[in-house]
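Contents: one structure, followed by commentary.
Just so it is clear, the values below take in all heavy atoms, side chains as well, and ignore hydrogens, waters and symmetry mates.
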Amino acid sequence: TMLLDFQKYQQHELDVVKQVSERKAHRPSWYAMMSKLFQYGYELDGDNDYYDNSGLTEELINKSKIVKFAAGVNSSNSSILYLKVATGSNDNKRPLSAVELSAFEFYISQIQDAGVRVKVINAPADEIYIEMDVYYNPLTLDRNGKRLDGSNDTPVQDAVRNYVHNLRFNGMYTNAHLIDNVQSVQGVEFPELKLAASRYGAYTDFRAIDAKEVAHAGYYRVSDANLKLRFFPYDE
């Protein structure tokens, strides 16, 4: 039954791709969907936009689908479609390797609409810098933000990372939602965000985030060095 279910799923996926492919002009979301269906190391089925996976196991197919995250974005004048991609996992997104990217870009050139210019953005995570004062309940947390019951030494840091790393790919980061996530940590009375800033590429400077932002790469990373938290006991 599991094999039959998998074959049905494969057929359904194929039918969806065929139906969408038959439409004349494809939306950015189609390019994102097709990116995730790219199979590294395999050839498309003739002149079609899909693979013939008969004879392949589910494990082999999943292993070959290296693009785990993708988003299509129209440029302001609609002359270029930007395709942001990444591989890895939610809390460890990373760019495709040079050889993977080369194969992927060739695949896109085979399936893209005539006249559409596609530029693939396959970049390391934008770095985000957070400076925050956290007022805490001294009955729950200590002056380093550790839980007094010993269950978690970094609950506030975890809340920041969980929010940033689990944003929808190419989704909107907001200072307000970051604050909400920290506010929800048990023992935090209230947080005060002093500065949120970001940068992409090794040679750009950090720039303050004014309320909201979408990462150039489609995703962010928070390193220990860029997370500055100061803890103050809250005394009513």
Side-chain angles (χ1 to χ4, degrees), residues 27-29 32 68-76 82-86 88-95 121-149 151-202 204-236:
R27 295 180 177 188
S29 57
K68 303 298 183 188
F69 306 92
V73 185
N74 276 324
S75 59
S76 51
Y82 292 103
L83 191 51
K84 299 185 183 185
V85 295
S89 58
N90 246 3
D91 50 3
N92 187 27
K93 299 179 187 78
R94 61 182 192 278
I121 295 176
N122 173 60
D126 290 28
E127 289 184 87
I128 199 163
Y129 175 91
I130 306 287
E131 203 174 302
M132 184 182 277
D133 290 348
V134 179
Y135 292 84
Y136 66 90
N137 183 333
L139 296 176
T140 310
L141 303 176
D142 73 9
R143 59 193 176 86
N144 295 310
K146 296 180 180 181
R147 284 189 55 84
L148 296 181
D149 65 9
S151 62
N152 190 342
D153 286 351
T154 55
V156 179
Q157 292 89 333
D158 293 351
V160 171
R161 287 199 185 87
N162 286 342
Y163 170 61
V164 172
H165 294 164
N166 289 303
L167 281 170
R168 183 171 52 82
F169 189 71
N170 207 48
M172 182 76 71
Y173 160 89
T174 70
N175 290 335
H177 285 138
L178 173 72
I179 291 165
D180 288 346
N181 274 262
V182 172
Q183 181 73 69
S184 70
V185 175
Q186 191 182 4
V188 170
E189 294 293 340
F190 65 90
E192 185 180 359
L193 183 63
K194 294 294 189 179
L195 175 65
S198 70
R199 69 173 180 180
Y200 67 88
T204 55
D205 295 325
F206 277 102
R207 289 187 179 176
I209 296 172
D210 183 15
K212 61 186 173 57
E213 185 183 79
V214 174
H216 168 79
Y219 60 108
Y220 293 101
R221 183 177 75 94
V222 186
S223 67
D224 291 345
N226 291 333
L227 184 51
K228 309 281 190 192
L229 301 177
R230 288 179 296 264
F231 291 93
F232 300 98
Y234 180 64
D235 184 4
E236 292 182 52

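By the 6.0 Å contact criterion, NZ on Lys146 is open, its count of non-hydrogen atoms from other residues, nucleotides or ligands being 12 or less.
Between the Asn162 side chain and the Asp158 main chain, a donor and an acceptor come within less than 3.5 Å of each other. In this structure, the side chain of Asn181 engages the main chain of His177 through a donor-acceptor pair within 3.5 Å.
Phe231 meets the ring-ring contact (aromatic ring centres under 6.0 Å, His included) test with no other residue; sequence neighbours excluded. Taking the ring-ring contact (aromatic ring centres under 6.0 Å, His included) definition, one finds that Tyr135 meets it with Phe190, Phe232, sequence neighbours left out. The side-chain hydrogen bond (donor to acceptor under 3.5 Å, both in side chains) search around Arg230 returns Asp133, not counting sequence neighbours. Checked against side-chain contact (heavy atoms from CB on, under 4.5 Å), Asn90 has the following partners two or more places apart in sequence or in another chain: Phe69, Lys93, Asn166. Residues satisfying the side-chain hydrogen bond (donor to acceptor under 3.5 Å, both in side chains) criterion with Ser89, sequence neighbours excluded, are Asp91. Looking at residues two or more places apart in sequence or on another chain, you find a side-chain contact (heavy atoms from CB on, under 4.5 Å) between Arg147 and Thr140, Leu141, Asp149, Ser151, Asn152, Pro155, Gln186. Qualifying side-chain contact (heavy atoms from CB on, under 4.5 Å) partners for Ala71, counting only residues two or more places apart in sequence or in other chains: Phe169, Asn170. By the side-chain hydrogen bond (donor to acceptor under 3.5 Å, both in side chains) test, Glu213 pairs with Ser198, Tyr220, sequence neighbours left out. Under the ring-ring contact (aromatic ring centres under 6.0 Å, His included) criterion, Tyr200 pairs with His216, sequence neighbours left out. Applying the side-chain contact (heavy atoms from CB on, under 4.5 Å) test to Leu193 and every residue at least two apart in sequence or in another chain returns Ile130, Met132, Asn175, Leu178, Ile179, Ala196. Checked against side-chain hydrogen bond (donor to acceptor under 3.5 Å, both in side chains), Ser184 has no partners two or more places apart in sequence or in another chain. Scored by the salt bridge (charged side-chain N to carboxylate O under 4.0 Å, His left out) test, Asp235 finds no partners at all (sequence neighbours excluded).
At least one side-chain heavy atom of Asn226 sits under 4.5 Å from a side-chain heavy atom of Phe206. Residues Val164 and Arg161 form no side-chain contact, since every pair of their non-hydrogen atoms from C-beta on lies 4.5 Å or further apart. By the 4.5 Å heavy-atom criterion applied to side chains, Leu229 and Gln157 are counted as neighbours. When side chains are defined from C-beta on, Val160 counts as touching Leu227, because their heavy atoms get closer than 4.5 Å. Proximity of Leu148 to Leu139: side-chain heavy atoms (C-beta onward) are nowhere separated by under 4.5 Å. Contact annotation: the side chain of Val214 never approaches that of Tyr173 to less than 4.5 Å [non-hydrogen atoms, C-beta and beyond].
With values rounded to the nearest 0.5 angstrom, Asn74 atom CG is found 11.0 Å from Arg27 atom CZ.
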Please assess Glu127 against Tyr129 for the test side chain to side chain donor-acceptor pair (under 3.5 Å), listing each intermediate value before the final yes or no. CA-CA 7 Å; Glu127 289 184 87; Tyr129 175 91; over 6 Å; no
